[in-house]
Structures are given as C-alpha cells and as structure tokens.
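Below: one structure, written as structure tokens.
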Amino acid sequence: MSEKIAGDVAAQTRARMQAKTPAGHEAAMPARPPNPPAPLVRRNRLDVASVAGLGSALLMVGVALVMGGAPDAFFNVPSLAIVLGGTVAVTAVSFSRTDVSTALGQLRRALVGPVHDAARVAAHVLELADHARRFGPLSLQPLLGRTRGQPVVQRSIELIVDGLPADDVERILRTEIEAGMARARIGASVLRRAAEVAPAMGLIGTLVGLVQMLGNLSDPTTIGPAMAVALLTTFYGAVLGSMVLAPLAGKVERNADAQALVDGLYLLAAGSVARQENPRRLEIMINTLLPPDRRLSAYD
C-alpha cells in the first residue's frame, strides 16, 4: 500500500511540473547577472608639466651661466657636498625613515604616476551604481580580483559585498581615505622641510668659506677657492630650495588633493549602493564635488 501511495505522489509531482513547464523545455533557471563595468585602468604617465617646468627653469640658469663666459666657475665639489649632503642629513633628522621613504614614493608618483580624471571616475561609479541597482550589490563581486591596484575601490566593493550597513561602509572608507591623506601630507612636509633646509645649508657654506678666506689672507692663493665656496653654496642652496624642492612639494600636495577627490567619489558611490538608492540621487551628490564644466547629466 505504501509503495502505491509513493507512486501516486511522484506522479502528481511530475504532473504539476509538466503543467508549469512548457513541453520540450526544461525548468527555467535563475539568469546569471551580466558582468559589471570593467574597472578603470590606472596608467602611469609622465607629468609633462612638472618635468618641462623644472627643466626649463634649470635650463635658463644654465644658459645664463654659459653666456657669462665661465660656466666651470660655478661647479665646486665642496659646495655641492655641503648643500646636498647637509640638506639630506638635516631633513632625515627631522623625520623617521618611514616618512622619508613615503616622501620618495610621493615624489616618484608626482613625476610619473596615474592621471586623476575626476569626470571619468564619476561616470564610472555611476555605471557601477546603476548595475548594482539592477542586479544587486553581489553582482559587483567579480571586480574584487581586478582592483588590487586601487585600494579604496577594492575596499568599497568588499564592504558592499559583505553586506555591511551604509553608515559602517562610509565610516570605514572615510577613515582609510583620511589615513591616505595623512601619508600624502607627510610626504609634502618632508619636501617642504628640505626646501627650508637647503638655503640654510647654503648660508652655512658661505660662512665656512668666509672663515677660510679670512683665516688665510696672508696667502693670496687661497682667497679665490675660499670665496668660491662662500658664494656657490648660497647659489646651490637657493636653486635647490626655491627651484626644485618647493615646487615638487606643491605638486605632491596637488596630487593628494586630486586623489582625495577621486576617493570621495568612490565613497559616495559605496554609500549609495549600500543603501540601494536611486542612481539619480547619486548623480546629484557627485555633481556637488565636480567642477561646473565637468558635471554629469546622465539622467537629464
């Protein structure tokens, strides 16, 4: 009797499935969401403005020296040793080894680093938000393995996929962005300090040269070399501090501000996706950060 009842139940189940599924077709399976928009590729490019500006300034000084008729007179090894060596040593005393390494990394990225296009990033985060709105936040998971070079982007996707509340997502990302800004400020402060030390080392070299000159007035052959050290160290310190280090410190600060803007766009997008808001609202919030000529109008 039990076998007959089991057979009747199986037959009824098959009948119900056949009634719901058209003949010749298998039961419909959940459609797999399409892949999210590919992450932006960060290509390192030479900062032409920085290199051209710095090179032009040094070139003009070099041309002036050559036109003066005695360019060899402006090369003095002791003066270079005092200014360069003293600037590096005093700056290193003011900071830790980690701070100096951070400054070197920031300096390298200032000359050869990724280009920050805020409008392009804004359009991309809007596409990601629209995709997450259509197919759910979990549809962004395939991007995790493709954003390793962009820590804020990867962290945003990890927090969204993990299902954290929007307030927690924004708080964690804001903390990480502020930490990145602090590191950038450290790099700029190291360069600023070096720009202040270089002229001071030039003054110290000038005093050394004057003392040597005054101490050997009885020997006319030593007056010329001592005067060269006295004057050239001031020249080297002024060139290094005002024409090289100070502009590079400004460039590092400018790049930090540009990176903060880009990270802020990802922060807005992460909070919006976590709240499952309409991308139209995200567009309005993004446009508050962008310059008027770079604002989006995807939903107009």
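Position 1 is the first residue of the sequence; numbering continues from there. What you see below is based on every heavy atom in this structure, not just the backbone, and it leaves out hydrogens, waters and symmetry mates.
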Under the 3.5 angstrom rule, does the side chain of [X] hit a backbone N or O of [Y] as a donor-acceptor pair?
{"X": "Asn287", "Y": "Leu296", "answer": "yes"}
{"X": "Asn278", "Y": "Arg280", "answer": "yes"}
{"X": "Thr91", "Y": "Val88", "answer": "no"}
{"X": "Ser272", "Y": "Leu268", "answer": "no"}
{"X": "Ser242", "Y": "Val239", "answer": "no"}

With sequence neighbours left out, what residues match [X] under side-chain hydrogen bond (donor to acceptor under 3.5 Å, both in side chains)?
{"X": "Arg133", "value": "none"}
{"X": "Arg134", "value": "Asp130"}
{"X": "Arg171", "value": "Asp168"}

Nearest heavy-atom pair of [X] and [Y]: which atoms, and what distance?
{"X": "Ala118", "Y": "Leu265", "answer": "O-CD1, 3.5 Å"}
{"X": "Gln154", "Y": "Leu144", "answer": "NE2-O, 3.6 Å"}
{"X": "Leu54", "Y": "Met243", "answer": "CD1-O, 3.2 Å"}
{"X": "Ala110", "Y": "Ser50", "answer": "O-OG, 4.3 Å"}
{"X": "Leu140", "Y": "Pro36", "answer": "CD2-CB, 4.0 Å"}
{"X": "Ala256", "Y": "Ala184", "answer": "CB-CB, 3.4 Å"}

[Y] and [X], any side-chain heavy atoms less than 4.5 Å apart:
{"X": "Leu138", "Y": "Val161", "value": "yes"}
{"X": "Asn255", "Y": "Arg109", "value": "no"}
{"X": "Leu267", "Y": "Arg174", "value": "yes"}

Spacing of [atom1] belonging to [X] relative to [atom2] belonging to [Y], to within rounding of 0.5 Å:
{"X": "Leu111", "Y": "Gln106", "atom1": "CG", "atom2": "CD", "value": "11.5 Å"}
{"X": "Ile186", "Y": "Met181", "atom1": "CD1", "atom2": "CE", "value": "12.0 Å"}
{"X": "Leu231", "Y": "Thr233", "atom1": "CG", "atom2": "OG1", "value": "7.5 Å"}
{"X": "Ser156", "Y": "Leu128", "atom1": "OG", "atom2": "CG", "value": "10.0 Å"}
{"X": "Ile204", "Y": "Ile82", "atom1": "CD1", "atom2": "CD1", "value": "9.0 Å"}
{"X": "Leu173", "Y": "Arg155", "atom1": "CG", "atom2": "CZ", "value": "8.0 Å"}

Partner set under ring pair (Phe, Tyr, Trp, His ring centres under 6.0 Å) for Phe95, not counting sequence neighbours: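 With neighbours one apart ignored, the set is empty.
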
Phe74: which residues meet the ring pair (Phe, Tyr, Trp, His ring centres under 6.0 Å) condition with it, sequence neighbours left out?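 Here the qualifying residues are Phe235.
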
Mind checking salt bridge (Lys or Arg N to Asp or Glu O under 4.0 Å) for Asp99 and listing every partner two or more places apart, or none if nothing turns up?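 With neighbours one apart ignored, the set is empty.
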
Taking only distance into account, with no hydrogens and no angle test, what donor-acceptor pairs under 3.5 Å do side-chain atoms of residues 190-197 form with protein atoms, sequence neighbours excluded?
residue : atom : partner : partner atom : Å
Arg192  : NH2  : Glu253  : OE1          : 3.2
Arg193  : NE   : Ser94   : OG           : 3.3

Residue list, side-chain contact (heavy atoms from CB on, under 4.5 Å) with Arg294, at least two apart or on another chain: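 For Arg294, the residues satisfying side-chain contact (heavy atoms from CB on, under 4.5 Å) (neighbours in sequence not counted) are Asp117, Ala119, Pro291.
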
List in chain and number order the residues that pass side-chain contact (heavy atoms from CB on, under 4.5 Å) with Val211, two or more places apart in sequence or in another chain; answer none if no residue qualifies.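 Once residues adjacent in sequence are excluded, Val211 has no partner under the side-chain contact (heavy atoms from CB on, under 4.5 Å) criterion.
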
Under 4.5 Å between side-chain heavy atoms, counting indirect links through other Ile/Leu/Val/Met/Phe/Trp/Tyr residues: same cluster for [X] and [Y] or not?
{"X": "Phe75", "Y": "Val61", "answer": "yes"}
{"X": "Val244", "Y": "Leu65", "answer": "yes"}
{"X": "Val90", "Y": "Leu248", "answer": "no"}
{"X": "Leu232", "Y": "Met201", "answer": "no"}
{"X": "Leu240", "Y": "Leu207", "answer": "no"}

Just do the side chain to side chain contact (heavy atoms under 4.5 Å, CB included) check on His124 and Arg120 with the steps written out, would you? CA-CA 6 Å; His124 181 251; Arg120 185 183 175 198; 5.9 Å; no

Co-members of Ile284 in a cluster of I, L, V, M, F, W and Y side chains, linked at under 4.5 Å: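 The other cluster members (ILVMFWY side chains, heavy atoms under 4.5 Å, direct or chained): none.
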
Under the side chain to side chain contact (heavy atoms under 4.5 Å, CB included) rule, what do Leu261 and Leu289 come out as? Steps first, then yes or no, please. CA-CA 8 Å; Leu261 175 59; Leu289 298 179; 3.9 Å; yes

Output every pair passing ring pair (Phe, Tyr, Trp, His ring centres under 6.0 Å) with a member in residues 191-210, not counting sequence neighbours, ordered by first then second residue.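 Non-adjacent pairs meeting ring pair (Phe, Tyr, Trp, His ring centres under 6.0 Å): zero.
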
Would you kindly say whether Gln259 and Asp263 are connected by a side-chain donor-acceptor distance under 3.5 Å?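 Per modelled atom types, Gln259 and Asp263 side chains form a pair under 3.5 Å.
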
With a 4.0 Å cut-off on N to O distance, would you call Asp167 and Arg275 a salt bridge?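 Salt bridge between Asp167 and Arg275, a charged N being under 4.0 Å from a carboxylate O: yes.
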
Name all pairs fulfilling the side chain to side chain donor-acceptor pair (under 3.5 Å) condition that reach into residues 77-88, sequence neighbours left out, sorted by first residue then second.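 Only Asn76-Ser79 qualify under side chain to side chain donor-acceptor pair (under 3.5 Å).
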
